[in-house]
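Excluded from the calculations below are hydrogen atoms, water molecules and symmetry mates; all remaining heavy atoms, backbone and side chain alike, are included. A note on names: the letters A, B, ... follow the listed sequences, proteins ahead of strands, and every chain is numbered from 1.
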Protein chains: 2
Amino acid sequence: MPGPKFIYEAELFKAISHPTRIEILQLLRDGEKCVCDIVPALEKEQSNVSRHLGLLRKEGILSSRKDGLKMIYRVEDPRVFELIDTAREILRKCWEEKREMLL
Amino acid sequence: MPGPKFIYEAELFKAISHPTRIEILQLLRDGEKCVCDIVPALEKEQSNVSRHLGLLRKEGILSSRKDGLKMIYRVEDPRVFELIDTAREILRKCWEEKREMLL
DNA sequence: TACTTATATGCTTAGTTGCTCATATTGTAA
DNA sequence: TTACAATATGAGCAACTAAGCATATAAGTA
């Protein structure tokens, strides 16, 4: 293992730590999709979305295949959804506690 | 909910996505610790560690209390460890697949 | 062949992050 | 009070990130 401890874990989290990228992952929850479906769903610049997709693929979170003109992306390991879900639960608890403090 | 979807989830992941911060969380797995124990364990600059601790607290991942001169930090929600563990599992699978491709 | 559609990429710019050094703050002890 | 120990913070800098625009590549169609 080169370098400091946990660099790979850190990189994985970093890859997920962007609103657009999480939104992409959510879109891919129910199966693979092509860029031409992802871009309009996100309402972001095509080049922007393409970069986020490329990053997620580079980190091994997504994989892609070509189908004619279309590039189809899918999530490699469904446990990334566990990550997102757990994060939401942590946040929900956090907010509930803050809310209680105000009462 | 202001702004784009998933900004809070993204921020949470971002807070965790640094090797030093993950190392801090690992150190706190078995209970609270003061900065004076954390800094030597990490072998990093005191000011550097302090900033990472401050960031984790600002994001609600850590909480702190004072005990005399010492500042003691602890993990607020143990589910952050689930996040780290799941990340490791994802990485392990990812590496195993790469390894198999080389055989 | 030329044209079109789908996607990726080079370039630039603005904003962010992480680090270090030095200093400030807070609490304890003499 | 002064001195010290533990922690936090301001300033400055290098490195990185995300976004947009324009352009390039790739694959299909006429």
Side-chain angles (χ1 to χ4, degrees), chain A residues 2-25 27-28 32-75, chain B residues 2-25 27-28 32-75:
Chain A
K5 288 170 188 163
F6 305 117
I7 40 173
Y8 298 109
E9 290 84 348
E11 246 186 281
L12 179 58
F13 285 121
K14 201 160 141 193
I16 306 177
S17 61
H18 190 287
T20 303
R21 294 197 285 268
I22 298 179
E23 212 176 340
I24 288 172
L25 293 172
L27 277 176
L28 295 176
E32 58 182 23
K33 281 196 170 50
C34 76
V35 182
C36 55
D37 289 332
I38 297 171
V39 169
L42 296 179
E43 302 186 341
K44 301 258 152 65
E45 276 261 330
Q46 175 269 322
S47 67
N48 187 359
V49 174
S50 177
R51 277 182 215 281
H52 285 300
L53 287 166
L55 196 147
L56 287 168
R57 183 179 49 190
K58 183 168 72 72
E59 297 300 327
I61 295 167
L62 299 183
S63 60
S64 61
R65 66 185 171 85
K66 258 211 155 183
D67 178 22
L69 270 179
K70 301 185 175 183
M71 185 67 90
I72 296 168
Y73 283 87
R74 66 185 185 84
V75 170
Chain B
K5 288 171 188 165
F6 304 117
I7 41 174
Y8 299 108
E9 291 85 349
E11 247 186 282
L12 179 58
F13 286 121
K14 203 160 141 193
I16 307 178
S17 62
H18 191 286
T20 303
R21 295 198 284 268
I22 298 179
E23 213 176 339
I24 288 172
L25 293 173
L27 278 175
L28 296 176
E32 56 181 25
K33 280 196 171 50
C34 76
V35 182
C36 56
D37 289 333
I38 297 171
V39 169
L42 296 179
E43 302 186 341
K44 301 257 153 67
E45 278 258 331
Q46 176 269 321
S47 66
N48 187 358
V49 174
S50 177
R51 277 183 213 282
H52 285 301
L53 286 166
L55 176 63
L56 287 168
R57 183 178 48 191
K58 184 167 70 74
E59 296 301 326
I61 296 167
L62 299 183
S63 60
S64 62
R65 66 185 173 84
K66 261 213 155 180
D67 178 23
L69 269 179
K70 302 184 173 182
M71 185 65 92
I72 295 169
Y73 283 88
R74 68 183 185 82
V75 170

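Between the side chain of B:R21 and the backbone N or O of B:K14, at least one donor-acceptor pair lies under 3.5 Å.
Between the SG atom of A:C34 and the NZ atom of A:K66 there is a distance of 12.0 Å, given to the nearest 0.5 Å.
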Test B:L12 against B:I61 for side chain to side chain contact (heavy atoms under 4.5 Å, CB included), laying out the working first.
CA-CA 8 Å; B:L12 179 58; B:I61 296 167; 3.6 Å; yes

Under the side chain to side chain contact (heavy atoms under 4.5 Å, CB included) criterion, do B:L28 and B:I38 qualify, and how do the steps go?
CA-CA 9 Å; B:L28 296 176; B:I38 297 171; 4.3 Å; yes

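Considering all non-hydrogen atoms of both residues, A:S17 and B:S17 come closest at OG-OG, 4.1 Å. Pairing each heavy atom of B:L56 with each of B:A15, the nearest pair is CD2-O, 3.7 Å. Of all the heavy atoms in A:I24 and A:H52, the pair that sits closest is CD1-CB, 3.9 Å. Across all non-hydrogen atoms, the minimal contact from A:P40 to A:V35 is CD-O, 4.2 Å. Heavy atoms only, all atoms of each residue included: B:R57 and B:S64 are closest at NH1-OG, 2.8 Å. Between A:L27 and A:A41, the closest heavy-atom pair is CD1-CB, 3.7 Å.
You can see that DNA chain C meets the heavy atoms of chain B within a 4.0 Å-exclusive cut from C:dT17 to C:dT28, reading 5' to 3'. Protein chain A contacts DNA chain D over a range whose 5' and 3' limits, counting nucleotides with an atom under 4.0 angstrom from a non-hydrogen atom, are D:dT17 to D:dG28.
Residues from residues 59-72 of chain A placing a heavy atom under 4.0 Å of any atom in DNA chain C, listed by number, are A:L69, A:K70, A:M71. Against DNA chain D, the stretch residues 38-54 of chain B makes heavy-atom approaches under 4.0 Å through B:Q46, B:S47, B:S50, B:R51.
In this structure A:E11 satisfies the salt bridge (charged side-chain N to carboxylate O under 4.0 Å, His left out) test with no other residue, sequence neighbours excluded. Every residue two or more places apart in sequence or in another chain that forms a side chain to side chain contact (heavy atoms under 4.5 Å, CB included) with A:K44 is listed here: A:T20, A:E23, A:L42, A:N48, A:V49.
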